[in-house]
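Letters A, B, ... mirror the listed sequences (proteins, then strands); counts begin at 1.
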There are 4 protein chains.
Amino acid sequence: MTAGSPSVGRPRSERARVAVLHAVDDLLVDVGYAAMTMKNIAERAGVGRQTVYRWWATKAEILFEACVEDAGRELASEPGTTTVSDIANFLAALAEFLSTSPAGAAYRALLGEAQHDPAVAVLLGTVDVLGLGARPVLQRAVDRGDLGPGAVGEDAVAVAVLVGPLVYRALTGATTDAVSLDELAAAAAESLRRLG
Amino acid sequence: MTAGSPSVGRPRSERARVAVLHAVDDLLVDVGYAAMTMKNIAERAGVGRQTVYRWWATKAEILFEACVEDAGRELASEPGTTTVSDIANFLAALAEFLSTSPAGAAYRALLGEAQHDPAVAVLLGTVDVLGLGARPVLQRAVDRGDLGPGAVGEDAVAVAVLVGPLVYRALTGATTDAVSLDELAAAAAESLRRLG
Amino acid sequence: MTAGSPSVGRPRSERARVAVLHAVDDLLVDVGYAAMTMKNIAERAGVGRQTVYRWWATKAEILFEACVEDAGRELASEPGTTTVSDIANFLAALAEFLSTSPAGAAYRALLGEAQHDPAVAVLLGTVDVLGLGARPVLQRAVDRGDLGPGAVGEDAVAVAVLVGPLVYRALTGATTDAVSLDELAAAAAESLRRLG
Amino acid sequence: MTAGSPSVGRPRSERARVAVLHAVDDLLVDVGYAAMTMKNIAERAGVGRQTVYRWWATKAEILFEACVEDAGRELASEPGTTTVSDIANFLAALAEFLSTSPAGAAYRALLGEAQHDPAVAVLLGTVDVLGLGARPVLQRAVDRGDLGPGAVGEDAVAVAVLVGPLVYRALTGATTDAVSLDELAAAAAESLRRLG
DNA sequence: AATTAATCGAGACGGTACGTCGGGTCTTTAC
DNA sequence: GTAAAGACCCGACGTACCGTCTCGATTAATT
């Protein structure tokens, strides 16, 4: 059908694939991004070094694959009854993601690496990780009439207004308590209304 | 005067110091942060390798020193007549800083590295680079009565609300045009009023 | 007939066998022994890698098989009318073999590898490649009474006296012209007479 | 005087140099040439890997340096009173060298590698290791009138006649006892006289 | 004809050495 | 005592080959 070789030769080992993805998650927590090398990823996964290189070019690619799907699930917040509560729910999920989740730690590491390596910037550009969580919230706000339809456009600033403050605090090492989160949600709602 | 040897032996070479700081700026632009090594910093500066290590422990420290003073000057925006125009002036300066200035590139690189290396996170925490630019704006808003006095507190979210959206867009590679900047300024003003 | 499975299942592919032996010869000429790997032997032969390993354990074994029979034929020199001319004929064949023949190149490579790997030394010891060519010459000299009967014994030095000089020159990269060959033949005859 | 930088920077460590040469000798005996890698040479010598590569390109170069001087000393046999006894002394030294000496083992390994790698063949061609031992013997024979003066020429076959048989036996794993050595000496003397 | 079993080409698997590069330290001479 | 030069030991890089394994597909002799 598609490829030239549908099933010639030994098939890829699913065991090795998941072992690598798990190893990356573990190492990010245990030793941090900088000390995480292709060598010890392979060792931690109990996998040959070449097997890692065969499927991923860099540790950023592995981390990205390990991050994306988890991010989608963890950022899918409960819809609220009002726009403000909807936003509050999302910001709570986002704060949790950024400060606690392994996938969030991977995202922060990747966003950091993207500042050093254009290839990683391109990689991150392929999936709008936080936008995928934020856009449903914005769409519901548009549907309620609380936000102009331009706010969910491709390059709209609405996503940045929504997630930017929390991301900035996460990257600078600040933590955000529940009270501040509610304040931020109210402020963001006000801000977004102004963008409509 | 004070310690055992205040000025015995050859004094530190000012020539070497500025050569290193300039070399770091040049290399960040020419080859990027990742490809910038202590070795080629020393070579570009025409300086011995040990001379670099004698005064800075890591390339992040050099970059930080090269970045801070420029940042202070470049982020000192013109006070506007109203809070909204004041904020607009600041956001314009911030956008310029993040997207164009060498010091801004250094800041982004350092913020990225801080996600990988706790020591760099601590280093960045010693000077609130963007906050130093944002706080005068917020203070003037408080003075005008447009913002509650709590907004300029130590750990207040106001700074994050002000700079977060633009920082997020800069880190994810998005550019922000003048029109969007004005929208953001208006939205931020609204948002901040809500925090008061 | 004999073992558990005399001829059940698919029989060994003769096509694959000769393809491998030819590939080894070609590669030895094209890229040399060191750059000749089991991987590119299989590729050059258009054969699976496992198929090579199924029948030969090392590239030395393949080369040995490819070498032995050719060596026997190429070293079977024309008997001369006198011992000196007999020896001269043999030395001419030997010089040709060592310097020009693919089988000779294989022999030199194997003799070289035997210095690094005891298993190859054992392998080479199973067939006295040059001795098989030299012994008929020596036997005829014994029959003529030009040489004592001990010279064709198992561990006699006569073979070494006969082939050693040319082998040494071949291994050290020296070439030997026709005039020198005749001198060597006369000298060897003299030398062998002395061993009787 | 000579080079552009007579003594700038840290000087080469003599300790490291001899440690590497000794490590190579030890490893050749302990594990053999094939299993002797640049990696374990460095480890055995207690030296960084880069330090090895800084001064030698291949393990063959190291072995060559470790071999040459020892070879000169070990092959410098006692002059005998007659040409036959002179040759006998040399052949005894040569047999000892080839079968027992570490330097001889190195020589055999290098001669083997030269069959696989043209660069090693060139390297070996720079110093006529065995010839340096054999030529004095031949020269004395010429002086005695037992050998024509052409025998000590650049490309003369006399050296090969002298050392070839023993080298061939050494490379093929044969050992040569004292009785055979004396026979070989007498035969070689006869053979060389014929070359005069 | 159907079954059985060893072969075939292909290619992924876990390992390990390669030669290079950057890390941070040290040891020289020159200033 | 700093500066410039450069060698030191260390370890990760990405590549290549090792020898083994697991596939689907052949290919004959045996049922």
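- Picking from E:dG19, F:dC13, F:dT2 the nucleotide with the shortest atom distance to the side chain of D:Arg49 gives E:dG19.
- OP1 and OP2 of F:dA7 both lie 4.0 Å or more from every side-chain N or O belonging to D:Thr51.
- When each of F:dA5, F:dA3, F:dC9 is scored by its nearest atom to the side-chain atoms of D:Val8, the top-ranked nucleotide is F:dA5.
- Rounded to an integer number of Å, the gap from OH of A:Tyr53 to P of E:dA17 is 17 Å.
- Look at A:Arg15 and you'll find a side-chain N or O under 4.0 angstrom from OP1 or OP2 of E:dG14.
- The distance between atom CD of C:Glu14 and atom P of F:dA28, rounded to the nearest whole Å, is 13 Å.
- Closest to the side chain of C:Gln50, out of F:dG19, F:dC8, F:dC21, is F:dC21.
- Residues D:Gly46 and B:Gly46 both approach DNA chain F. Their nearest nucleotides, taken by heavy-atom distance, put B:Gly46 toward the 5′ side.
- Take the nearest nucleotide of DNA chain F for D:Gly48 and for C:Thr58: the residue whose nucleotide is more 5' is D:Gly48.
- Between D:Glu61 atom CD and E:dG19 atom P the separation is 11 Å, expressed in whole Å.
- In this entry the distance linking CZ of A:Arg12 with P of E:dG11 reads 16 Å, nearest Å.
- One can place CZ of A:Arg54 at 12 Å from C1' of F:dC21, the figure rounded to the nearest angstrom.
- Closest-nucleotide positions on DNA chain E for A:Arg17 and B:Met38 were compared, and the one nearer the 5' end corresponds to A:Arg17.
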Which donor-acceptor pairs under 3.5 Å do the side chains of residues 41-56 of chain C make with protein atoms, sequence neighbours left out?
from	atom 1	to	atom 2	distance (Å)
C:Arg44	NH1	C:Asp30	OD2	3.3
C:Arg44	NH2	C:Asp30	OD2	3.2
C:Trp56	NE1	C:Glu65	OE1	2.9

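- For A:Pro11, the side-chain atoms get nearest to F:dC23 when compared with the rest of F:dC23, E:dC13, F:dT15.
- When the nucleotides F:dT27, E:dG9, F:dA3 are ranked by their closest atom to the side chain of B:Trp55, F:dA3 comes out on top.
- Relative to the side chain of C:Arg10, the nucleotides F:dC17, E:dG14, F:dT26 differ in distance, and F:dT26 lies closest.
- Considering CD of A:Glu69 and CG of A:Leu21, their distance stands at 7.5 Å, rounded to 0.5 Å.
- Between the CG atom of B:Asn40 and the P atom of E:dG24 there is a distance of 13 Å, given to the nearest Å.
- You'll find that the side chain of A:Lys39 is closest to F:dA12, out of E:dA6, F:dT15, F:dA12.
- Atom CD in A:Glu43 sits roughly 10 Å away from atom P in F:dC13 (whole-Å rounding).
- Computed from coordinates, the C:Ile41 CD1 to F:dA16 C1' distance equals 15 Å when rounded to whole Å.
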